Q: 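I'd like to ask some things about the structure below.
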Amino acid sequence: MDFVSSVKRNLTTRAYADFSGRASRSEYWWFYLFTVLATAAAGALGGTVGNLASIAFFLPSLALLVRRLHDVGRSGWWFLIVFTGIGLFVLLYWLVKASDAGTNAYGEGPARA
């Protein structure tokens with residue numbers, strides 16, 4: 001998935017708040033890059049605009065994170081591991097890990113869907 005496809009899918013379709021299914025590694029990281037750039041640009045316009053951008057991107061980012069965890073065979077609730085001491089590194093490992101091949105408990109792989 002490329003940059004534009006990832007942004008379109010996660011901001012303009014039902015995937016905006018869809019916590020089911022799977023998301024590829026490229027889809028996650030392209031959208032993450034977009035949110036960082038857009039939030040930085042909005043923050044440069046002013047604190048209130050930056051805060052509104054952060055709020056607007058919260059739900060689609062969380063939904064995409066959950067779908068990405070599904071893609072590597074983990075429950076979406078594993079995102080809570082970030083609140084532990086070592087959890088950020090474990091979560092980062094899962095986010096950069098390659099997708100599970102074929103179908104897993106969360107559905108068909110995103111490359112084949």
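This one's a predicted model, so the numbers in the text were calculated from it and none came from an experiment.
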Q: Could I get the full list of ring pair (Phe, Tyr, Trp, His ring centres under 6.0 Å) partners for Tyr32, not counting sequence neighbours?
A: Trp29
Q: For Arg25, which residues count as a salt bridge (Lys or Arg N to Asp or Glu O under 4.0 Å) partner, sequence neighbours excluded?
A: none
Q: Do Glu27 and Arg68 have side-chain heavy atoms sitting under 4.5 Å apart?
A: no
Q: Decide whether Leu11 and Leu65 are clustered together by the hydrophobic rule: side chain heavy atoms of Ile, Leu, Val, Met, Phe, Trp, Tyr closer than 4.5 Å, transitively.
A: yes
Q: Evaluate the criterion side chain to side chain contact (heavy atoms under 4.5 Å, CB included) for residue pair Ser99 and His70; output intermediate values, then yes/no.
A: CA-CA 9 Å; Ser99 301; His70 288 172; over 6 Å; no
Q: Without swapping roles, check the side chain of Trp30 against the backbone of Val4 for a donor-acceptor pair under 3.5 Å.
A: no
Q: Within the supplied structure, the quantity of interest is the number of heavy atoms (other residues, nucleotides, ligands) at a distance under 6.0 Å from Lys8 NZ; does it exceed 12?
A: no
Q: For Ser75, enumerate each residue passing the side-chain hydrogen bond (donor to acceptor under 3.5 Å, both in side chains) test, keeping only those at least two apart in sequence or located in another chain.
A: none
Q: Just how far is it from atom CG of Leu33 to atom CG of Leu37, taken to the nearest 0.5 Å?
A: 4.5 Å
Q: Can you give me the closest heavy-atom contact between Met1 and Ser24, atom names plus distance?
A: CB-OG, 4.5 Å
Q: If the condition is side-chain contact (heavy atoms from CB on, under 4.5 Å), which residues does Leu59 pass it with, not counting sequence neighbours?
A: Tyr16, Ala17, Phe19
Q: By the ring pair (Phe, Tyr, Trp, His ring centres under 6.0 Å) test, which pairs, at least two apart or in different chains, include something from residues 45-69?
A: Phe34-Phe57
Q: Could you list the donor-acceptor pairs under 3.5 angstrom formed by side chains in residues 84-95, with sequence neighbours left out?
A:
residue	atom	partner	partner atom	Å
Thr84	OG1	Ile81	O	2.7
Thr84	OG1	Gly87	N	3.1

Q: Using a distance-only test with no angle check, is there a side-chain donor-acceptor pair under 3.5 angstrom linking Ser5 and Asp2?
A: yes
Q: Between Asn10 (side chain) and Phe31 (backbone), is there a donor-acceptor pair under 3.5 Å?
A: no
Q: List for me each residue that meets side-chain hydrogen bond (donor to acceptor under 3.5 Å, both in side chains) alongside Ser54, sequence neighbours excluded, and say none if there are none.
A: none
Q: Could I get the full list of side-chain hydrogen bond (donor to acceptor under 3.5 Å, both in side chains) partners for Thr35, not counting sequence neighbours?
A: none
Q: Applying side-chain contact (heavy atoms from CB on, under 4.5 Å), can you list everything that pairs with Ala42, at least two apart in sequence or on another chain?
A: Val49, Ala53
Q: Using the test side-chain contact (heavy atoms from CB on, under 4.5 Å), find all partners of Leu80 that sit at least two apart in sequence or belong to another chain.
A: Trp77, Phe83
Q: Evaluate Tyr106 against Asp71 for side chain to side chain contact (heavy atoms under 4.5 Å, CB included), listing each step before the verdict.
A: CA-CA 7 Å; Tyr106 302 99; Asp71 193 43; over 6 Å; no
Q: Who are the side-chain hydrogen bond (donor to acceptor under 3.5 Å, both in side chains) partners of Arg74, not counting sequence neighbours?
A: none
Q: Could you work out, with side-chain contact (heavy atoms from CB on, under 4.5 Å) as the rule, every residue matching Asp18, not counting sequence neighbours?
A: Arg14, Ser20, Arg67
Q: Looking only at non-hydrogen atoms, find the nearest pair between Val66 and Gly76 and report the distance.
A: CG1-CA, 3.7 Å
Q: Salt bridge or not between Arg22 and Glu108? Use side-chain N to carboxylate O under 4.0 Å.
A: no
